[in-house]
Amino acid sequence: MRVPSLPEVRRLTEKERDAWWTVLLVDPVATPLVRWTAMWTRVTPNQITWAALVLGIGAAACFAQGDWQWLVAGAVVYHVSFILDCMDGKLARLTGKGSAFGAWLDYIFDRVRVLVCAIALMGGQYQRTEDVTYIWLAVAVVFLDMLRYMDALEIWKVRLNMRRRQRERAEELGLIDTSQDNGADDEADDTPVKGTAKVPAQPTAGDASAAAATVPAAPAHVVPPAKTFITRLPGYVPLRDFLVSHRIRIHLFSGIEFQMTIFIVAPLLGSVFWPTVAAGALLLAFEVLVVYRLLLATRAFQRTMARYDRLEAEMKSETSTPSEQATLV
């Protein structure tokens, strides 16, 4: 196949917004490697997914040794594993070889890698110090990672359902022209298959943004973001705009940063306990914020649907005959 230039590969494979760790420390390496892989090899996205898992297990083996030198080696191997984990989706988007099975494989292997590395890292520290606290830390890391991704997927489903219902209602009322609509919204929000040609990013809790029911500023079936106490904070909007202009998601600490703090930053510092505790606390705070924003979005959805009901009643009233109106009176 003809492989596009590097700028075009970046446009085709890099997400519109991503975690700052990925944008700054992974994409500059992963994207050129993806182009080289597509040009000179027959490696498939699923093979890269398997390689990422193998390296993740290698990082776990290093973590299990407990000593600082092995922790540093494990951190380096883990980062390489994560680069490969980002490459499989990029290669799939570039070559059109993405599949639902590949998305499932990538998702499951990500969770396995976190599980194995958490047990190995904390187990190595327990063996070195005989402090049972590290066993509980391993349980906490696995639990928080599971909670994070379960919550993200469920939020994605809820928001997808609200968008579809709102869109269908707007179509029923004639507020959008279905003949001129290519269905991009519905297509893009279909099954989240990582790596296919038309794929939404992996559903993240950051996608659960708040919304308000103000139709005139946007298409009738779209609920624009609400102004909350967060957007009113001094400097928030300029910071948000700056980050978005550089493809960085506004939520600066989520699942990826949680993993990298525990499996890269902590080992490099030679201090596993406090970075892990801090990462867990920040992730919990972020999840609380995500749930709050989802609550705002559901309230906005209810207001929008209620407004559509009122609009439908007004339309029926305007089109009813004089005799029907007299009967109603």
Q: Spell out, yes or no, whether Val272 and Val277 are grouped together once hydrophobic residues are joined by side-chain heavy atoms under 4.5 Å, including indirect joins.
A: yes
Q: Decide yes or no on side chain to side chain contact (heavy atoms under 4.5 Å, CB included) for Asp309 and Arg169, but give the supporting numbers first.
A: CA-CA 9 Å; Asp309 290 340; Arg169 195 77 174 94; 2.7 Å; yes
Q: So, for Pro4 and Val9, which heavy atoms are closest and what is the spacing to 0.1 Å?
A: O-CG2, 3.6 Å
Q: Would you say Val132 and Val139 are hydrophobically clustered, going by side-chain heavy atoms of ILVMFWY under 4.5 Å?
A: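 They do not share one cluster, since no chain of ILVMFWY contacts under 4.5 Å joins Val132 to Val139.
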Q: Parallel, tilted or perpendicular, judged at 30° and 60°: which one describes the rings of Phe263 and Tyr78?
A: tilted
Q: Less than 4.5 Å apart, any side-chain heavy atom of Thr22 and any of Phe82?
A: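 Yes, close enough: below the 4.5 Å cut-off.
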Q: To the nearest 0.5 Å, tell me how far Ile262 CD1 sits from Leu144 CG.
A: 7.5 Å
Q: With a 6.0 Å cut-off (strictly less than), is the heavy-atom count around CD of Glu172, excluding the residue itself, greater than 12?
A: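 Result for CD/Glu172: enclosed.
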Q: Less than 6.0 angstrom separating the ring centers of Trp104 and Tyr107, yes or no?
A: no
Q: Less than 4.5 Å apart, any side-chain heavy atom of Leu311 and any of Leu175?
A: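 Of all side-chain heavy-atom pairs linking Leu175 with Leu311, at least one is under 4.5 Å.
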Q: So Leu243 and Leu252, do their side chains get closer than 4.5 Å, heavy atoms only?
A: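 Yes; the side chains approach each other to less than 4.5 Å.
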Q: Between the main-chain N or O of Arg17 and the side-chain N or O of Arg249, is there a donor-acceptor pair closer than 3.5 Å?
A: no
Q: Out of curiosity, does Val72 fall in the hydrophobic cluster containing Trp274 (side-chain heavy atoms, cut-off under 4.5 Å, transitive links)?
A: yes
Q: So how far is it from Leu53 CG to Ile108 CD1, rounded to the nearest 0.5 Å?
A: 11.5 Å
Q: Within the structure provided, determine whether Met305 and Gln302 are in side-chain contact (heavy-atom separation under 4.5 Å).
A: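 The answer is no; the side chains never approach within 4.5 Å.
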Q: With rounding to the nearest 0.5 Å, note down the distance linking CE in Met315 to OH in Tyr308.
A: 12.0 Å
Q: Donor-acceptor check, side chain of Glu16 to backbone of Arg247, threshold 3.5 angstrom: yes or no?
A: no
Q: Inspect the surroundings of CD in Glu312 and state if more than 12 heavy atoms from other residues, nucleotides or ligands are less than 6.0 Å away.
A: yes
Q: Evaluate the side chain to side chain contact (heavy atoms under 4.5 Å, CB included) criterion for residues Val114 and Arg111: first the C-alpha distance (whole Å), next the side-chain angles of each, then the deciding distance (0.1 Å), finally the verdict.
A: CA-CA 5 Å; Val114 172; Arg111 309 284 65 76; 4.1 Å; yes
Q: How close do Ser81 and Gly56 get, counting heavy atoms only, and between which atoms?
A: OG-N, 3.6 Å
Q: With distance as the sole criterion, is a donor-acceptor pair present between the side chains of Asn46 and Thr44 under 3.5 Å?
A: no
Q: What is the minimum heavy-atom distance between Trp68 and Leu268, and which atoms define it?
A: NE1-O, 3.3 Å
Q: Side-chain contact, heavy-atom cut-off 4.5 Å: Phe286 with Phe258?
A: no
Q: Salt bridge between Arg165 and Glu168, side-chain N to carboxylate O under 4.0 Å?
A: no
Q: Do Thr261 and Phe253 make a side-chain contact, defined as non-hydrogen atoms from C-beta onward lying under 4.5 Å apart?
A: yes
Q: Whether the Glu314 and Ser317 side chains hold a donor-acceptor pair (N or O, under 3.5 Å, no angle test) is what I'd like checked.
A: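 No.
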Q: Strictly by modelled atom types, are Arg163 and Gln166 linked by a side-chain donor-acceptor pair under 3.5 Å?
A: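 Checked: Arg163/Gln166 side chains show no N/O donor-acceptor pair below 3.5 Å.
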Q: Donor-acceptor check, side chain of Asp67 to backbone of Gln69, threshold 3.5 angstrom: yes or no?
A: no
Q: Under the side chain to side chain contact (heavy atoms under 4.5 Å, CB included) rule, what do Ile250 and Tyr236 come out as? Steps first, then yes or no, please.
A: CA-CA 10 Å; Ile250 188 61; Tyr236 174 85; 3.6 Å; yes
Q: Exactly one of Glu8, Glu14, Arg10 should register a side chain to side chain contact (heavy atoms under 4.5 Å, CB included) with Leu12. Which one does?
A: Glu8
Q: Quick one: do Arg113 and Asp110 make a salt bridge, cutoff under 4.0 Å?
A: yes
Q: Heavy atoms only: give me the nearest Gln125-Gly66 pair and the separation to one decimal.
A: NE2-O, 3.2 Å
Q: Would you say Glu257's side chain and Ser254's backbone share a donor-acceptor pair under 3.5 angstrom?
A: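 The answer is yes, because a donor-acceptor pair under 3.5 Å joins these two groups.
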Q: Supply the members, apart from Leu115, of the Ile/Leu/Val/Met/Phe/Trp/Tyr cluster built from side-chain contacts under 4.5 Å; use none for a lone residue.
A: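 Other cluster members: Ile119, Val142.
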Q: Same cluster for Met39 and Trp36 if Ile/Leu/Val/Met/Phe/Trp/Tyr side chains link at under 4.5 Å?
A: yes
Q: To check you understand the geometry: which heavy-atom pair defines the closest contact between Leu71 and Phe63, and what is its length?
A: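 Heavy atoms only, the tightest pair is O-CE2, 3.7 Å.
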Q: How far does CD1 of Ile256 sit from CE of Met260, to the nearest 0.5 angstrom?
A: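 It is 6.5 Å, given to the nearest 0.5 Å.
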Q: If you measure from CG on Leu84 to CG on Leu33, what distance do you get to the nearest 0.5 Å?
A: 8.5 Å
Q: Hey, are the side chains of Asp27 and Lys90 touching, using non-hydrogen atoms and a 4.5 Å cut-off?
A: yes
Q: To the nearest 0.5 Å, what is the distance between CD1 (Ile48) and CD1 (Ile83)?
A: 12.0 Å
Q: Using the rule given for side chain to side chain contact (heavy atoms under 4.5 Å, CB included), can you reason through His79 versus Leu25, listing the C-alpha separation, both sets of side-chain angles and the distance that settles it, and then say yes or no?
A: CA-CA 9 Å; His79 186 61; Leu25 301 177; 4.3 Å; yes
Q: Indicate yes or no: at least one non-hydrogen side-chain atom of Thr298 is less than 4.5 angstrom from one of Met162.
A: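 Result yes, sub-4.5 Å side-chain heavy-atom pair found.
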Q: Taking all non-hydrogen atoms of both residues, which atom of Val141 and which atom of Ala118 are closest, and how far apart?
A: CG1-CB, 3.8 Å
